[in-house]
Protein chains: 2
Amino acid sequence: MSESHARSSQSSRVRELIKGSGLRCTPARQAVLGFLSRTGRPLAHSEIAKARGPAKLDRVTLYRTLAVLEDSGLVHRVQDSDGSWRFCAHVPVKKGCPGNHAHFQCTRCGEMQCLASQALPWIPVPDGALVIGKQFLICGLCPSCAATRAARKK
Amino acid sequence: MSESHARSSQSSRVRELIKGSGLRCTPARQAVLGFLSRTGRPLAHSEIAKARGPAKLDRVTLYRTLAVLEDSGLVHRVQDSDGSWRFCAHVPVKKGCPGNHAHFQCTRCGEMQCLASQALPWIPVPDGALVIGKQFLICGLCPSCAATRAARKK
DNA sequence: GGTTAGATGCAACACAGTTGCATCTAGCCG
DNA sequence: CGGCTAGATGCAACTGTGTTGCATCTAACC
């Protein structure tokens with residue numbers, strides 16, 4: 001199976017997902033969902049915008065596209081350690097990021113990944129309170145940045 | 001013991017804490033640390049600014065004051081559900097917020113509180129990664145907002 | 001092809017947070 | 001007590017994220 005075939009069959013899957021959610025299948029949505037599912041880790045708005053390269057999407061359109069994909073459950077949103085949002089293609093598109101696990105972000109290179117091996121723990125909340133969502137973010141140095149730092153120290 | 005006596009003894013404690021951390025004891029620092037420790041829950045920059053009322057502090061000064069207090073360990077910083085920061089007076093000043101517990105934020109009234117009854121769990125990170133910090137935020141309706149909503153539904 | 005609800009692009013805005021620089025002052029020393 | 005100075009404050013201007021309003025375009029339907 002050639003690369004291009006793999007890519008094109010994936011594109012058609014992306015198209016189906018979008019249509020299956022009752023959304024109009026526009027180039028912007030295909031490109032964004034396709035890119036997110038190919039990458040498989042939570043990406044910042046700016047990373048997605050940059051990655052699009054020459055075929056630029058309007059800033060606002062990208063925000064709105066991500067919001068629509070999130071509303072339809074095709075993508076979910078996690079918080080960055082600096083307060084901005086990152087987006088990750090949801091289960092149907094790509095394994096990982098089922099939405100109930102912690103995320104790890106490297107404070108040096110800024111890259112983020114899912115820690116999907118363990119579900120979020122249960123934490124007692126005040127009596128009468130109603131839990132809607134949880135975010136667990138772990139910050140630190142990723143293996144490659146930690147290795148670089150250790151090597152520099154020697 | 002009168003209110004004013006309690007308040008003034010607390011002020012002197014705040015002064016001691018600031019000086020004890022090797023910081024210059026300025027009106028801005030006393031006011032901010034005093035307010036945070038009196039309130040006892042994580043407050044947003046805007047809430048602190050608003051609360052200062054007529055004796056306004058410059059926006060930038062408040063940011064810098066909070067940064068200095070955080071550097072000295074007198075205050076710690078937690079993330080809001082909308083991505084902005086909240087600040088909470090640290091252990092020496094007030095019980096609560098020792099910094100290794102989850103926080104609960106009401107999506108309706110925006111108020112945030114510490115869930116100090118349980119420490120943050122251990123989550124496995126990738127081999128070679130180095131953990132520096134963790135944030136666990138639970139969003140939902142606080143007891144009073146949940147009660148209001150339930151009453152409205154009836 | 002023609003129609004139209006919904007998607008896109010553009011301009012302008014709101015807000016959090018930061019930086020540079022001029023001015024002021026807490027804490028020290030004489 | 002009064003003067004000195006590193007460090008604190010205030011102001012202006014800026015960056016980046018995210019939002020809103022409106023005019024234009026187009027995917028999906030007939």
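Letters A, B, ... mirror the listed sequences (proteins, then strands); counts begin at 1. Every value quoted in this text rests on a predicted model; they were computed, and no experiment measured them.
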Problem set entry | Between the first and last five pairs of the helix from C:dG1-D:dC30 to C:dG30-D:dC1, the angle of the axes, rounded to 10 degrees | 20°
Problem set entry | Residue B:Tyr63, side-chain atoms from C-beta onward, closest of C:dA16, C:dA26, C:dA11 | C:dA16
Seminar exercise, completed: From CH2 of A:Trp85 across to P of C:dA16 the rounded distance in Å is 15 Å
For this session: Determine which pairs satisfy salt bridge (Lys or Arg N to Asp or Glu O under 4.0 Å) with at least one residue from residues 19-35 of chain B, sequence neighbours left out, and list them in order.
Result: none
Exercise. A:His76 and A:Phe87: ring-ring contact (aromatic ring centres under 6.0 Å, His included), yes or no, with the steps?
Worked result: CA-CA 6 Å; A:His76 74 275; A:Phe87 297 84; 9.2 Å; no
Seminar exercise, completed: Bounded by its outermost nucleotides with an atom under 4.0 Å from a heavy atom of chain B, the footprint on DNA chain D reads D:dA6 to D:dA12
Seminar exercise, completed: Judged by nearest nucleotide, the residue sitting upstream toward the 5' end of DNA chain C, A:Thr65 or B:Pro27, is A:Thr65
Problem set entry | Qualifying residues under side-chain contact (heavy atoms from CB on, under 4.5 Å), relative to A:Ser84, sequence neighbours excluded | A:Asp80, A:Asp82
For this session: Send over the distance from A:Ile18 CD1 to C:dG6 P, rounded to a whole Å.
Result: 17 Å
Exercise. What is the nucleic acid contact for B:Ser84, judged by heavy atoms within less than 4.0 Å: base, sugar-phosphate only, or nothing?
Worked result: sugar-phosphate
Problem set entry | Whole-Å gap separating C1' (C:dT25) and CD (B:Gln30) | 14 Å
Seminar exercise, completed: Tightest non-hydrogen contact, residues B:Gln105 and B:Gly110, listed as NE2-O, 3.1 Å
For this session: Determine the sole option in A:Val32, A:Leu23, A:Val75 for which the side chain to side chain contact (heavy atoms under 4.5 Å, CB included) test with A:Val68 is passed.
Result: A:Leu23
For this session: Name the orientation class of the two ring planes belonging to B:Phe136 and A:Phe136 (parallel below 30°, tilted from 30 to 60°, perpendicular beyond 60°).
Result: parallel
Seminar exercise, completed: DNA chain D nearest-nucleotide lookup for B:Thr26 and B:Val60: closer to the 5′ end is B:Thr26
Problem set entry | B:Lys19 NZ to C:dC28 C1', straight-line distance once rounded to whole Å | 11 Å
Exercise. At under 4.0 Å between heavy atoms, what does B:Arg59 touch on the DNA or RNA strands: base, sugar-phosphate, or nothing?
Worked result: base
Problem set entry | Smallest separation among heavy atoms of A:Leu120 and A:Ala102, with atom names | CD2-N, 3.7 Å
Exercise. When you match A:Leu23 and B:Gly83 each to their closest nucleotide on DNA chain C, which lands nearer the 5' end?
Worked result: A:Leu23
Exercise. Mind checking what makes salt bridge (Lys or Arg N to Asp or Glu O under 4.0 Å) contact with B:Arg77, not counting sequence neighbours?
Worked result: B:Glu70
Exercise. Base, sugar-phosphate, or nothing for A:Arg64, non-hydrogen atoms under 4.0 angstrom?
Worked result: base
Seminar exercise, completed: Sequence neighbours excluded, the answer for side-chain contact (heavy atoms from CB on, under 4.5 Å) partners of A:Ala44 is A:Ser46, A:Glu47, A:Arg86
